[in-house]
Each structure stands twice: as C-alpha cells, then as structure tokens.
Asks: 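Got a structure for you, questions after.
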2 protein chains.
Amino acid sequence: MPSRDARLTRERIVEVAASLADDQGLDAVTLSAVAARLCVRTPSLYHHVQGLAGLKGALRVHGLELLSEALRDAASGRAERDALEAVAHAYLTFARKHPGLYAVTLAVAGERDDERAHASADRILATTFDVLRGYGLDGDDAVHAARFVRSALHGFAALESAGGFELPADRAATVDRMLEAIDRGVRTYVRHEAPPVRAARR
Amino acid sequence: MPSRDARLTRERIVEVAASLADDQGLDAVTLSAVAARLCVRTPSLYHHVQGLAGLKGALRVHGLELLSEALRDAASGRAERDALEAVAHAYLTFARKHPGLYAVTLAVAGERDDERAHASADRILATTFDVLRGYGLDGDDAVHAARFVRSALHGFAALESAGGFELPADRAATVDRMLEAIDRGVRTYVRHEAPPVRAARR
DNA sequence: TGGCGCTGTCTAAGGCGATTAGGCTATACC
DNA sequence: GGTATAGCCTAATCGCCTTAGACAGCGCCA
C-alpha cells in the first residue's frame with residue numbers, strides 16, 4: 001500500500017521494513033522493496049538510513065523495544081509462576097506476530113551497537129531477573145536460570161517459526177507443559193552454592 | 001585451498017560450501033565464493049548443483065546427516081540422564097563445531113524436500129524418542145517432552161552462536177544445570193493422562 | 001580406426017540489488 | 001526576493017545469480 005504524498009521519514013521506512021519482514025521474511029527486506037512500497041527510488045532511502053545494514057540495525061532496535069516493553073508489561077504485577085507464564089506467553093506471542101522483527105532481534109549485533117538496542121536488551125534481561133527474583137534467585141544462580149528460560153523460549157519460538165513441530169500434537173499443550181517443567185526446573189536453581197559435582201563427561 | 005586438478009564433483013562442492021559456511025557464516029556461501037575456492041567459473045557449478053538454492057539444500061542434507069549420526073552415536077548404549085547428557089553434549093558440540101551447517105539445518109525446508117533430509121530428520125526424532133523412552137515416555141507425552149528438550153537445546157545453541165550470554169558466568173555450568181533441570185522436567189511428563197487443568201490464561 | 005555423442009568446462013550476456021556521485025526543486029530563512 | 005539547504009531524483013558501477021550456447025576430451029560403436 002504505497003502512499004506517495006507523505007514525506008519520507010526514517011520512521012516510515014522502518015515501519016514499512018518491519019511489515020515486510022513480518023509478512024515475507026527477513027530476506028525480503030531489501031532496499032528496493034522498501035523503496036517500492038514507499039513509491040520512492042532506492043537511493044532516496046540513503047538520506048534517512050545508512051544503507052541496508054543501517055536499516056537492519058534500525059529494525060533490530062525497533063524489535064527490541066517492542067519486545068522489551070511487551071515483556072515488562074506482562075511481568076508487572078505478577079510473581080513466580082504467574083509471572084513466568086505471562087512473560088513466556090508474551091514472548092511467544094511477539095515471536096508469532098512479528099516473526100521478521102523477532103528474527104532480526106537476534107541477528108548479530110553490528111559493530112556499532114546502537115545504545116538504544118543495548119538499553120532494550122538490558123531491559124529484557126532486567127525483566128527476566130525480576131521474574132527470577134520472585135523465585136528467590138540472584139547472582140550466578142539467576143544468570144544460569146535466565147539462560148535456561150531464554151533458551152527454552154527462543155528455541156520453541158525459532159523451531160515453531162521454522163516449521164518444526166510437524167507431529168500432530170497440540171502446540172498449546174506443549175507450551176503449557178514446558179512452562180510446568182521450566183517452573184519446576186527454575187526452583188532447583190535456588191541457592192545452588194556450588195555446581196553439582198559431576199565428573200567432566202566428554 | 002583451491003585445488004585445480006581434481007575433477008569437479010557435487011561432493012567437493014558441498015564440502016567446500018560447508019567449510020565456507022562454518023568459517024564465515026551461512027551468508028558467505030555464495031556460488032562465486034565456492035567456485036573461486038575450486039578454481040572454477042561460477043556457471044560450472046550448475047552442472048552439479050541446482051543453483052544457490054540447490055546448494056543450500058544439499059548443505060542442509062549434509063548437515064542433517066552429520067548431526068543425526070552424531071546424536072545416534074551419543075545415545076547408543078546409554079539410558080536416562082546418561083543418554084540425555086550425552087545427546088545434549090553431542091548436539092551442542094555439533095552446533096559449535098559447525099555453526100554454518102547447523103544454521104542451514106533449520107532453514108526453511110525448500111518446496112522439494114529432499115527425502116534424504118527427511119530421513120535424517122526422522123532419525124534425529126527417533127533418537128530423541130529413544131532417550132525419552134528410557135524415561136518411560138511415549139505417545140503425546142513423548143512428543144511434548146521432545147519438543148521441550150529440542151527447544152532448550154536449540155535455543156541454547158542459537159543464543160550462544162548469536163553472541164548472547166555476555167554475562168561473565170561459566171557457560172559449561174549453565175549447560176550442566178540446564179541438563180539437571182531438563183532431566184527433572186522430563187520426569188514430570190510421564191503418564192500425563194490429561195493436560196493439567198489450568199484456566200486458559202490469556 | 002575413425003566418427004559420434006555425451007559430459008563438463010568455458011565465455012557471453014542479462015537481470016537484480018546495493019551503493020555512490022551529482023543534479024534539480026522547493027521550502028525556509030534572512 | 002535571493003540564497004542555502006534538505007530531500008528526491010537520474011546515471012552509473014559493482015557483485016552475484018542465472019541462462020544460453022560454444023567447445024574440447026572421452027568413451028563407445030561400427
């Protein structure tokens with residue numbers, strides 16, 4: 001839906017790029033395609049965005065801001081399993097509604113890491129730690145637990161998005177039971193003074 | 001390391017593409033680059049591979065075969081937590097040693113899904129189910145558990161590869177404790193006749 | 001033994017996307 | 001009213017993918 005009258009803006013460019021990414025995949029985000037949707041010639045974008053890399057970077061920032069806000073909102077006012085479930089559902093919902101934006105969020109942070117991106121990433125981490133604090137976790141325990149939770153959520157989102165999970169089992173049930181398992185798992189992280197002594201295996 | 005004398009072969013092409021993917025990332029896998037490494041002109045590749053898409057597909061098959069074999073070897077002769085840990089370590093080791101191959105493994109399966117790819121994917125699933133059977137899981141319970149395990153492993157591998165986990169906490173410890181949590185979590189999947197009755201929350 | 005065809009490489013050429021250089025217009029400001 | 005500047009444009013280059021078609025070496029068959 002190209003609109004030709006409104007002036008070209010960095011915000012409009014990012015917006016178009018985001019919808020393109022979500023509708024047709026991150027690889028469909030091309031300067032040509034974005035320019036076409038804005039009824040503009042490709043080189044015109046260079047006055048607002050630093051090439052394709054710059055656009056992807058802006059997209060990453062945008063995605064991280066949306067995601068971090070969604071997670072913070074989900075966590076606010078809840079605790080423990082309640083908070084865990086709310087955050088997890090918010091996370092998965094975001095990944096489903098914005099597959100392109102979500103994908104670009106994890107793409108390698110370019111050299112010149114935007115500080116806004118860093119701030120959002122920190123906010124996501126902070127929200128995670130808030131939730132884990134409800135479980136009585138802090139310090140290294142919280143870091144390990146956060147990695148575990150994030151791994152499970154990202155893994156699920158990525159596999160689902162990639163078309164894994166072909167077997168005819170209810171995906172919502174998978175999520176419910178995974179959250180049950182994560183909830184229990186996280187509880188085992190509390191006060192784990194020293195890592196369990198297991199002989200280095202391999 | 002270009003070698004000019006040996007004849008061009010589909011195998012050699014895939015081999016070069018694989019090392020390129022692992023060394024410089026999946027995006028570095030370009031017909032030009034592969035051809036250059038083989039001291040050959042780009043169009044010559046078309047007699048062995050169906051364009052870039054075909055090469056990526058072949059790469060995917062290759063990766064899936066390596067991964068499925070590694071997992072099967074790791075699982076053989078072990079059971080329960082022992083098997084879980086061996087398979088998990090094999091999975092993460094593969095992802096670390098072959099980041100490009102691992103990444104292409106999850107890329108969207110092209111239209112014409114190669115049956116060799118399907119066979120390998122089935123073998124991975126079978127290995128996973130073998131491990132879970134040691135926990136007394138089958139049917140939907142096993143499917144849900146398999147998705148959980150795979151999500152956690154893939155998520156960890158992907159986040160690690162993307163440069164997440166910046167905090168200075170030992171990653172090996174993260175894996176150990178995650179496996180502990182997964183082990184406990186998986187045990188809760190046994191004989192889960194009906195999903196836990198939880199009011200639809202959101 | 002000599003020709004024929006197949007296989008596999010090459011050159012030539014077209015297309016698309018990114019990027020840079022530089023021109024042109026309209027608006028805003030003096 | 002004149003000028004500077006912002007912002008869009010055209011023109012042109014480069015790299016990569018892809019297709020078409022020329023050409024050479026090899027084996028096979030008569």
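Naming convention: chains lettered A, B, ... in sequence-line order (proteins, then strands); numbering from 1 in each chain.
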Asks: For D/dT19 and B/Tyr46 - does any side-chain N or O of the residue sit under 4.0 Å from the phosphate oxygens OP1/OP2?
Replies: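 Answer is no, no contact under 4.0 Å.
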Asks: Go through C/dA18, D/dG7, C/dC10 for me and flag the one nearest to the A/Leu52 side chain.
Replies: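 Of the options given, the side chain of A/Leu52 lies nearest C/dA18.
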Asks: Whole angstroms only, please: what is the NZ-P distance between B/Lys56 and D/dC16?
Replies: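 Value for this atom pair: 13 Å.
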Asks: Starting at CZ of B/Arg7 and ending at P of C/dG8, how long is that distance when rounded to a whole Å?
Replies: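 Spelled out: CZ on B/Arg7 to P on C/dG8 is 5 Å.
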Asks: Will you find, in the side chains of A/Arg147 and B/Thr174, an N or O donor that is under 3.5 Å from an N or O acceptor?
Replies: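 On atom types as modelled, these side chains qualify, holding a pair under 3.5 Å.
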Asks: Phosphate oxygens OP1/OP2 of C/dT7: is one of them under 4.0 Å from a side-chain N or O of B/His48?
Replies: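 No, because none of the side-chain N or O atoms of B/His48 sits under 4.0 Å from OP1 or OP2 of C/dT7.
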Asks: In whole angstrom, give the distance that lies between atom CZ of A/Arg41 and atom P of C/dT25.
Replies: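 Checked: the CZ to P distance equals 17 Å.
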Asks: Nearest whole Å is fine: how far is C/dA26 C1' from A/His47 NE2?
Replies: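 Going from NE2 in A/His47 over to C1' in C/dA26 covers 15 Å.
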Asks: Any side-chain N or O of B/Ser44 under 4.0 Å from OP1/OP2 of C/dC10?
Replies: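 So the side-chain polar atoms of B/Ser44 do come within 4.0 Å of the phosphate oxygens OP1 or OP2 of C/dC10, strictly under.
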Asks: Which nucleotide in the list D/dT19, C/dT9, C/dA21 gets nearest to the side chain of B/Leu8?
Replies: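 That would be C/dT9.
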Asks: Before you tell me yes or no, could you show the steps for A/His48 and A/Leu8 under side-chain contact (heavy atoms from CB on, under 4.5 Å), namely the whole-Å CA-CA distance, both residues' side-chain angles and the distance that decides it to 0.1 Å?
Replies: CA-CA 8 Å; A/His48 306 273; A/Leu8 201 53; 3.8 Å; yes
Asks: Determine the contact category for B/Ser32: base if any of its heavy atoms lies under 4.0 Å from a base atom, sugar-phosphate if only primed atoms, P, OP1 or OP2 are that close, otherwise nothing.
Replies: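 The residue B/Ser32 makes sugar-phosphate contact but no base contact.
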Asks: Return the value, rounded to whole Å, for the distance between atom CG of B/Asp27 and atom P of D/dC16.
Replies: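 In whole Å, D/dC16 P lies 13 Å from B/Asp27 CG.
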Asks: So does A/Leu64 get a backbone contact from the side chain of A/Ser68, meaning a donor-acceptor N/O pair under 3.5 Å?
Replies: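 Such a contact is found between A/Ser68 side chain and A/Leu64 backbone.
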Asks: Find the distance B/Arg10:CZ to C/dT7:C1' and express it as a whole number of Å.
Replies: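 Nearest whole value for this atom pair: 17 Å.
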Asks: 5'-most contact on DNA chain D: B/Thr30 or A/Thr42, nearest heavy atom basis?
Replies: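 The residue closer to the strand's 5' end, by nearest nucleotide, is A/Thr42.
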Asks: Just by modelled atom types, is the A/Glu85 backbone N or O under 3.5 Å from a matching donor or acceptor in the A/His89 side chain?
Replies: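 Confirmed, A/His89 side chain pairs with A/Glu85 backbone.
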Asks: CG of B/Leu45 versus P of D/dA20: gap in Å, rounded?
Replies: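 Value for this atom pair: 17 Å.
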Asks: Between OH of B/Tyr189 and CG of B/Leu132, what distance do you get to the nearest 0.5 Å?
Replies: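 Those atoms lie 10.0 Å apart.
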